[in-house]
Amino acid sequence: MTGIAVLGSTNMDLVAYVDRAPERGETVTGRELRTVPGGKGANQAVAAARAGGEVTMIGAVGDDEYGTELRSGLEHAGVDTDLLHTAEGPSGTAHIVVDDTGANSIVVIPGANGTVTALGPGEMAAIAGAELLLLQLELPMSAVIEGARTAHAQGVRTILTPSPVQPLPSELLDCVDLLVPNEHEATALSGFTDPHAAARHLLGQVPAVVITLGAKGCLYAARGGEPVLFPAPEVNAVDTTGAGDTFVGTLAVALGERRPVPEALAWASAAAALCVQRPGASASMPYRTEIDAA
């Protein structure tokens, strides 16, 4: 099994389903509210575990009811939570609006995630012993950088999802092996709306990039080669929440299994396509048998 360490957030998602998202200053009536375990770190951990990875989650939950539920959900998915600490105060939450097209808008409140500012010896050892490290930006940047440096020093392949998007310091980028932004994040980071131009720019900072393009698939680019566009399976999306995290977690497992990049991207795309056909984030993530059958 592929050993994967995930240094990232754990949130409770409060998901409101509406016909259409409200405009600024507008109130709309929703039809349903769901409480679903999430957080980009936890989502990627669950996706990787369901895809067959051996996953360790590094982060924090609060000492509230959500924290207990979040930890239990990860453990039920087969994720090791020994390094998921319990902090005083509330767990992180994400307030999500999903419209009838499956599109979403999200407000994240860090809660306990904000307490993860540095790593201890146990966290460093878990990263050093993994084959891959998955990072996002819902934890304080100091911890993200420390995790990336630890992985880089030990030759552990590091995949960064730059979300929520923000300027990326060079000390982080110097330790990243694969950057996986969506098309909006790629534009924000590069200044280019065209994915090919954005990829060329980002390759000046990291060795390889996968820009996810939703229903249009993904664009893979690596130094020394030509960018390649991989189409996504055609499906009817119900809820796109968690699709990107499903893609990354599954991709990490495939890369850890030394699959060729085209095969790894196709497998991850199949997993993301299954995810968007179901409501919720971690609850919608497919198992390995489902991905193989897709």
Side-chain angles (χ1 to χ4, degrees), residues 4-17 30 32-50 55-98 104-120 122-123 126-127 133-147 160-166 239-246 248-249 275 278-285:
I4 297 172
V6 181
L7 173 60
S9 60
T10 306
N11 296 324
M12 185 59 75
D13 292 349
L14 309 177
V15 188
Y17 292 90
E32 184 181 5
L33 176 68
R34 293 186 181 180
T35 304
V36 184
K40 295 196 73 63
N43 287 345
Q44 292 183 7
V46 170
R50 289 186 175 181
V55 184
T56 297
M57 182 72 202
I58 303 170
V61 295
D63 58 1
D64 54 2
E65 188 175 321
Y66 284 162
T68 301
E69 189 174 346
L70 290 166
R71 183 182 299 276
S72 176
L74 285 164
E75 291 171 350
H76 182 72
V79 176
D80 185 332
T81 63
D82 287 351
L83 295 173
L84 181 65
H85 302 290
T86 299
E88 291 185 5
S91 298
T93 53
H95 303 258
I96 305 172
V97 175
V98 179
N104 62 65
S105 57
I106 306 173
V107 176
V108 173
I109 300 175
N113 298 302
T115 68
V116 186
T117 57
L119 304 183
E123 288 84 359
I127 291 171
L133 171 65
L134 302 186
L135 297 171
Q136 320 79 35
L137 300 177
E138 289 184 343
L139 295 184
M141 184 63 77
S142 58
V144 176
I145 292 173
E146 190 172 4
L160 172 64
T161 304
S163 177
V165 68
Q166 57 189 280
D239 183 356
T240 59
T241 308
D245 296 326
T246 299
V248 171
C275 173
R278 308 165 180 172
S282 60
S284 68
M285 294 173 174

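Just so you know, residue 1 is the first one in the sequence shown, and it goes up from there.
Glu32 pairs by the salt bridge (charged side-chain N to carboxylate O under 4.0 Å, His left out) definition with Arg34, not counting sequence neighbours. Legend: residues meeting side chain to side chain donor-acceptor pair (under 3.5 Å) with Glu69, ordered by chain and number and at least two apart, are absent. Qualifying side chain to side chain contact (heavy atoms under 4.5 Å, CB included) partners for Thr68, counting only residues two or more places apart in sequence or in other chains: none. Partners of Thr10 according to the side chain to side chain donor-acceptor pair (under 3.5 Å) rule, which considers only residues two or more places apart in sequence or in another chain, do not exist here. Thr35 is linked by a side chain to side chain contact (heavy atoms under 4.5 Å, CB included) to Met12, Leu14, Tyr66, counting only residues two or more places apart in sequence or in another chain. Not counting sequence neighbours, Thr115 has no partner by the side chain to side chain donor-acceptor pair (under 3.5 Å) test.
Listed here is the closest heavy atom pair of Val15 and Val98: CG1-CG2, 3.6 Å. Residues Leu7 and Leu139 approach most closely at CD1-CD1, 3.7 Å, considering heavy atoms. Residue Gly38 comes nearest to Leu70 through the heavy atom pair N-CD2, 4.1 Å, listed as atom of the first residue, atom of the second, then distance. In this structure, Val116 and Ala60 approach most closely via the heavy-atom pair CG2-CB, 3.7 Å. Of all heavy-atom pairs spanning Leu119 and Glu146, the tightest one is N-OE1, 3.1 Å. Between Leu83 and Ala126, the closest heavy-atom pair is CD1-CB, 3.5 Å.
Ile4 contributes atom CD1, which lies 13.0 Å from atom CG of Asp80 (distance to the nearest 0.5 angstrom). Rounded to the nearest 0.5 angstrom, Gln44 CD and Leu135 CG are separated by 9.0 Å. With rounding to the nearest 0.5 angstrom, the CE atom of Met57 is 12.5 Å from the CD atom of Glu75. Going from atom NZ of Lys40 over to atom CD1 of Ile106 covers 7.0 Å, rounded to the nearest 0.5 Å. In this structure, OG1 on Thr161 lies 10.5 Å from CG on Asn43, to the nearest 0.5 angstrom. The CD1 atom of Ile58 lies 11.0 Å from the CG atom of Asp82; values are rounded to the nearest 0.5 Å.
Partner of Asn11 under the side-chain contact (heavy atoms from CB on, under 4.5 Å) criterion, chosen from Thr93, Val61, Val108: Val108.
Ser91 and Asp64 share a side-chain donor-acceptor pair at under 3.5 Å.
In this structure a side-chain-to-backbone donor-acceptor pair under 3.5 Å is present from Ser142 to Thr117. Although no hydrogens or angles enter the test, the distance criterion places no donor-acceptor pair under 3.5 Å between the side chain of Glu138 and the main chain of Ser9. In this structure, the side chain of Glu123 engages the main chain of Gly120 through a donor-acceptor pair within 3.5 Å. For Asn104 (side chain) and Val97 (main-chain N/O), no donor-acceptor pair under 3.5 Å exists by modelled atom type.
Looking only at side-chain heavy atoms (C-beta outward), Arg71 and Thr86 come within less than 4.5 Å of each other.
More than 12 heavy atoms of other residues, nucleotides or ligands lie within 6.0 Å of CD in Gln166, so this atom counts as buried by the packing criterion.
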